[in-house]
Undergrad: 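One structure, pasted below without further comment.
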Amino acid sequence: MAKIEFGSQVYTWFMQGTGSAYDNKLDHMIKVAAESGFTSIEPMVLEPFPTYWLGDFKDPAKLKDTLAKHNMKLAGLALVCGWNGEKENDAERAAADYAIATLKHFPGAKLGTVPLPSNRKNLQERRMNLAKNVNAVSRRAVDAGLVCSFHPNSPPSSVVRTQDDYDVVLNSIDPTVTGWTPDVGHIIRGGMDVIETMTKWGHLVNHIHYKDFSGNGPEPWAQMGTGKLDFHKITEWLTLRNYEGWIVCEDECHDAIGDPDGVTRQNGEWCKENLLPLVG
């Protein structure tokens, strides 16, 4: 793999009908992402498992064949769980065990751990429980030969969205088993400076998500290249630090709800014209 390649996150499709519109249609997403110029895709593993959204493509062999058909790679799996208790519950454990077992079929693909937002009650306890659970999942994954990366997010109900949250949780994850996925849109939505935050935690960066930020409304996202984020500067930050891996586009703009294919194609073209020359 080249030092940096561009991939697509399936959440762009998931937003339509809260998953119902593209249930069991990962083959369609892979096809569109490939046609858009991306070289990988990053599906999600969601509770309740195993019947939710992946459908037939929970079979690693079917997923591998579909990727090969379109000359695509698996960037990773985003494991989305609540992790509110001191230990994983049965559903969280089942989802994690599936993700780990599946990723063993895809060398180089990362396990992403993503907290499912619910509320900010008992915040300190919840932040610490999240870190404990992420560490436990990552330890099992690393023991299985995988690479892991923790992905915070920024909805108002997320327990890892502000500078204080990042300080607590990123200081509490075990860097021997877990890296960090800066999602640049979530960082700015949480009131932080993207470059400063990435520099502070630069030793953990092993994966990255790009989404653009409008700053407007309850879901303040913009289509790639039309918002407030300086993706050229962020990409230069990565290249200057010899980052190797995926830049995964996860566009959550309003237009993606009605036309995820079109938004994905625009993202691919924008990356090709604006960011690909920066990574060589």
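Keep in mind it's a predicted model, so treat the numbers as computed, not measured. Side-chain atoms are counted along with the backbone in the values below, which use heavy atoms only and exclude waters and symmetry mates.
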Undergrad: I want to check a possible cation-pi pair here: K3 against Y243, using under 6.0 Å from ring centre and within 45° of the ring axis as the test.
TA: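 Relative to the ring axis of Y243, which defines the angle, K3 lies outside at least one limit.
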Undergrad: Flag yes if L67 and L103 sit in one hydrophobic cluster, no otherwise; membership is Ile, Leu, Val, Met, Phe, Trp, Tyr, and two members link when side-chain heavy atoms are under 4.5 Å apart.
TA: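 L67 clusters together with L103.
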Undergrad: For a quick test of reading the model, state the closest non-hydrogen atom pair linking W237 to G202 and the distance between them.
TA: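 Shortest heavy-atom contact: CH2-CA, 4.1 Å.
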Undergrad: Tell me whether L77 shares a hydrophobic cluster with V147, the cluster being built from Ile, Leu, Val, Met, Phe, Trp, Tyr side chains joined at under 4.5 Å.
TA: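 No, L77 does not connect to V147 through the hydrophobic network.
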Undergrad: Find out whether Y98 and L79 are in side-chain contact, i.e. whether some heavy atom of one side chain is under 4.5 Å from a heavy atom of the other.
TA: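 Y98 does not reach L79 side chain to side chain.
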Undergrad: For the residue pair N129 and K132, establish whether any side-chain heavy-atom pair is separated by less than 4.5 Å.
TA: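 Yes, their side chains come closer than 4.5 Å.
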Undergrad: Nearest 0.5 Å, please: how far is CD in E252 from CD in Q223?
TA: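 Rounded to the nearest 0.5 Å, the CD-CD separation comes to 13.0 Å.
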Undergrad: Side chains of T181 and S149 only: does a donor on one sit below 3.5 Å from an acceptor on the other?
TA: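 A pair is found: one side chain offers a donor N or O, the other an acceptor, under 3.5 Å apart.
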Undergrad: Could you pull out the closest heavy-atom pair between G82 and L116, with the gap in Å?
TA: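 Result for this residue pair: N-CB, 3.9 Å.
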Undergrad: Give a yes or no answer on whether the side chain of E92 reaches the backbone of N89 with a donor-acceptor pair at less than 3.5 Å.
TA: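 The answer is yes, because a donor-acceptor pair under 3.5 Å joins these two groups.
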Undergrad: Just how far is it from atom OG1 of T102 to atom CG of L111, taken to the nearest 0.5 Å?
TA: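 CG of L111 is found 10.5 Å from OG1 of T102.
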Undergrad: With a 4.0 Å cut-off, would you call D97 and R93 a salt bridge?
TA: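 Salt bridge present between D97 and R93.
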Undergrad: Between the side chains of N267 and D251, does any donor sit under 3.5 Å from an acceptor?
TA: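 Short answer, yes.
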Undergrad: Are S158 and N153 linked by a side-chain donor-acceptor pair shorter than 3.5 Å?
TA: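 Short answer, yes.
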Undergrad: Could you tell me whether K73 and E5 have a side-chain N and a carboxylate O separated by less than 4.0 Å?
TA: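 Yes, this pair counts.
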Undergrad: Start with the C-alpha gap between I100 and R140, add the side-chain angles, then the distance that decides, and say whether side chain to side chain contact (heavy atoms under 4.5 Å, CB included) holds.
TA: CA-CA 8 Å; I100 291 168; R140 296 204 308 276; 4.0 Å; yes
Undergrad: Using a strict cut-off of less than 4.0 Å between a Lys/Arg side-chain nitrogen and an Asp/Glu carboxylate oxygen, indicate whether K228 and D212 qualify as a salt bridge.
TA: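 Salt bridge absent between K228 and D212.
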Undergrad: Can you name the nearest heavy-atom pair linking A75 to H207, along with the distance?
TA: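 What the structure gives for the nearest pair is O-CE1, 4.3 Å.
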Undergrad: Counting distance only, does the side-chain N/O of K62 pair as donor-acceptor with the main-chain N or O of K58 below 3.5 Å?
TA: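 Checked: no pair found.
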Undergrad: Would you say S20's side chain and G17's backbone share a donor-acceptor pair under 3.5 angstrom?
TA: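 Yes: the side chain of S20 pairs with the backbone of G17.
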Undergrad: Please indicate whether H105 has more than 12 foreign heavy atoms, meaning atoms of other residues, nucleotides or ligands, lying under 6.0 Å from its NE2.
TA: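 Yes, NE2 of H105 has more than 12 neighbouring heavy atoms, counting only those of other groups under 6.0 Å.
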Undergrad: Work out which heavy atom in R265 is nearest to a heavy atom in V32; give both atom names and the distance.
TA: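 R265 and V32 have their closest heavy atoms at NH2-CG2, 4.1 Å.
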Undergrad: Have H70 and D27 got a donor and an acceptor in their side chains that come within less than 3.5 Å?
TA: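 The answer is no; no qualifying pair exists.
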Undergrad: Can a side-chain donor-acceptor contact be found between R126 and S118 if the only test is distance below 3.5 angstrom?
TA: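 R126 and S118 do have a side-chain donor-acceptor pair below 3.5 Å.
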Undergrad: Between E236 and R241, does any side-chain N to carboxylate O distance fall below 4.0 Å?
TA: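 No, E236 and R241 are not salt-bridged.
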Undergrad: Between W270 and T226, does a side-chain hydrogen bond (donor to acceptor under 3.5 Å, both in side chains) hold up when you go through it step by step?
TA: CA-CA 10 Å; W270 194 88; T226 68; over 6 Å; no
Undergrad: One pair to check against ring-ring contact (aromatic ring centres under 6.0 Å, His included): F14 and W53. What are the steps and the verdict?
TA: CA-CA 9 Å; F14 183 81; W53 210 58; 5.1 Å; yes
Undergrad: Atom CZ in F6, atom SG in C249: separation rounded to 0.5 Å?
TA: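 Between F6 CZ and C249 SG, I get 7.0 Å after rounding to 0.5 Å.
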Undergrad: Apply the test side chain to side chain contact (heavy atoms under 4.5 Å, CB included) to residues T66 and F57: give CA-CA distance (whole Å), side-chain angles for both, the deciding distance (0.1 Å), then the verdict.
TA: CA-CA 9 Å; T66 305; F57 296 93; 3.5 Å; yes
Undergrad: Can you tell if the side chain of V80 reaches within under 4.5 Å of the side chain of V45, non-hydrogen atoms only?
TA: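 No, side chains not in contact.
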Undergrad: Any side-chain heavy atom of S36 sitting closer than 4.5 Å to one from K272?
TA: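 Counting from C-beta outward, S36 and K272 never come under 4.5 Å.
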Undergrad: Between G179 and I173, what is the shortest heavy-atom contact and its length?
TA: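 For G179 versus I173, the nearest heavy atoms are O-CD1, 3.9 Å.
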Undergrad: With a sphere of 6.0 Å drawn around CG of N71, does it hold more than 12 non-hydrogen atoms of other residues, nucleotides or ligands?
TA: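 No, CG of N71 has 12 or fewer neighbouring heavy atoms, counting only those of other groups under 6.0 Å.
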Undergrad: If you draw a 6.0 Å radius around CG in D90, do more than 12 non-hydrogen atoms from other residues or ligands fall strictly inside?
TA: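 No, CG of D90 has 12 or fewer neighbouring heavy atoms, counting only those of other groups under 6.0 Å.
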Undergrad: Quick test of your reading of the model: are D167 and K200 salt-bridged, counting only N-O distances below 4.0 Å?
TA: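 Looking at D167 and K200, the cut-off is met.
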Undergrad: Given V160, which partner from the list V169, V114, V168 fulfils the side chain to side chain contact (heavy atoms under 4.5 Å, CB included) test?
TA: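 Among V169, V114, V168, the one meeting side chain to side chain contact (heavy atoms under 4.5 Å, CB included) with V160 is V169.
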Undergrad: Is a donor on one side and an acceptor on the other found under 3.5 Å between the side chain of S214 and the backbone of N216?
TA: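 At least one qualifying donor-acceptor pair exists.
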Undergrad: Are M44 and L130 linked, directly or through intermediate hydrophobic residues, by side-chain heavy-atom contacts shorter than 4.5 Å (ILVMFWY only)?
TA: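 Same cluster: L130 reaches M44 through Ile, Leu, Val, Met, Phe, Trp or Tyr contacts under 4.5 Å.
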Undergrad: Could you go through Y210 and F231, starting from their C-alpha distance and side-chain angles, then the distance that decides it, and tell me whether this counts as ring-ring contact (aromatic ring centres under 6.0 Å, His included)?
TA: CA-CA 8 Å; Y210 278 11; F231 290 106; 4.9 Å; yes
Undergrad: Heavy atoms only: give me the nearest N133-G85 pair and the separation to one decimal.
TA: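 So the two residues come closest at ND2-O, 2.8 Å.
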Undergrad: Measure the shortest side-chain to side-chain distance between F38 and W246 over non-hydrogen atoms and say whether it is less than 4.5 angstrom.
TA: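 No, side chains not in contact.
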Undergrad: Without swapping roles, check the side chain of D183 against the backbone of P152 for a donor-acceptor pair under 3.5 Å.
TA: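 Not a single qualifying donor-acceptor pair exists.
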Undergrad: Is there a donor-acceptor contact under 3.5 Å from the side chain of Q9 to the main chain of V248?
TA: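 Checking the backbone N and O of V248 against the side chain of Q9, no donor-acceptor pair under 3.5 Å is found.
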Undergrad: Quick one: do W13 and K25 satisfy side chain to side chain contact (heavy atoms under 4.5 Å, CB included)? Show the steps, please.
TA: CA-CA 10 Å; W13 287 273; K25 294 180 181 178; over 6 Å; no
Undergrad: Contact between H232 and L278 at the side-chain level, heavy atoms closer than 4.5 Å - yes or no?
TA: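 Yes. Closest side-chain heavy atoms under 4.5 Å.
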Undergrad: Would you say V263 and V10 are hydrophobically clustered, going by side-chain heavy atoms of ILVMFWY under 4.5 Å?
TA: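 No.
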Undergrad: Is any side-chain heavy atom of P182 closer than 4.5 Å to a side-chain heavy atom of T197?
TA: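 Heavy-atom side-chain distance check fails, nothing below 4.5 Å.
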Undergrad: When you check the gap from the basic side-chain N to the acidic O, do K31 and D261 get nearer than 4.0 Å?
TA: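 Looking at D261 together with K31, the answer is no, because their closest N to O distance does not fall below 4.0 Å.
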Undergrad: Have H209 and E42 got a donor and an acceptor in their side chains that come within less than 3.5 Å?
TA: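 Indeed, the side chains of H209 and E42 share at least one donor-acceptor pair under 3.5 Å.
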Undergrad: Could you tell me whether the side chain of D174 and the main chain of N135 form a donor-acceptor pair under 3.5 Å?
TA: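 No.
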Undergrad: Determine yes or no for a side-chain-to-main-chain donor-acceptor pair under 3.5 angstrom, with N24 supplying the side chain and D56 the backbone.
TA: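 The answer is yes, because a donor-acceptor pair under 3.5 Å joins these two groups.
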Undergrad: Is there a side-chain contact between M198 and L238, using heavy atoms and a 4.5 Å cut-off?
TA: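 Yes - at least one pair of side-chain heavy atoms lies under 4.5 Å apart.
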Undergrad: Can a cation-pi geometry be assigned to K211 and W221, taking NZ or CZ under 6.0 Å from the six-membered ring centre and within 45° of the ring axis?
TA: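 Positive - K211 is close enough to the ring of W221 and near enough to its axis.
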Undergrad: Determine, step by step, whether D164 and T162 satisfy the side-chain hydrogen bond (donor to acceptor under 3.5 Å, both in side chains) criterion, reporting the C-alpha distance in whole Å, the side-chain angles of both residues, the deciding distance to 0.1 Å, and the verdict.
TA: CA-CA 5 Å; D164 286 345; T162 69; 5.2 Å; no
Undergrad: Are L74 and L146 connected in the hydrophobic side-chain network, where two residues link if heavy atoms are under 4.5 Å apart?
TA: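 Both belong to a single hydrophobic cluster.
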Undergrad: Short question: side chain of N122, backbone of E125 - any donor-acceptor pair under 3.5 Å?
TA: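 Pair absent, no side-chain N/O of N122 close to backbone of E125.
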Undergrad: Apply the test side chain to side chain contact (heavy atoms under 4.5 Å, CB included) to residues R139 and T178: give CA-CA distance (whole Å), side-chain angles for both, the deciding distance (0.1 Å), then the verdict.
TA: CA-CA 8 Å; R139 171 52 64 192; T178 305; over 6 Å; no
Undergrad: Counting only heavy atoms from other residues, nucleotides and ligands, does the tally under 6.0 Å from NZ of K64 exceed 12?
TA: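 Enclosed.
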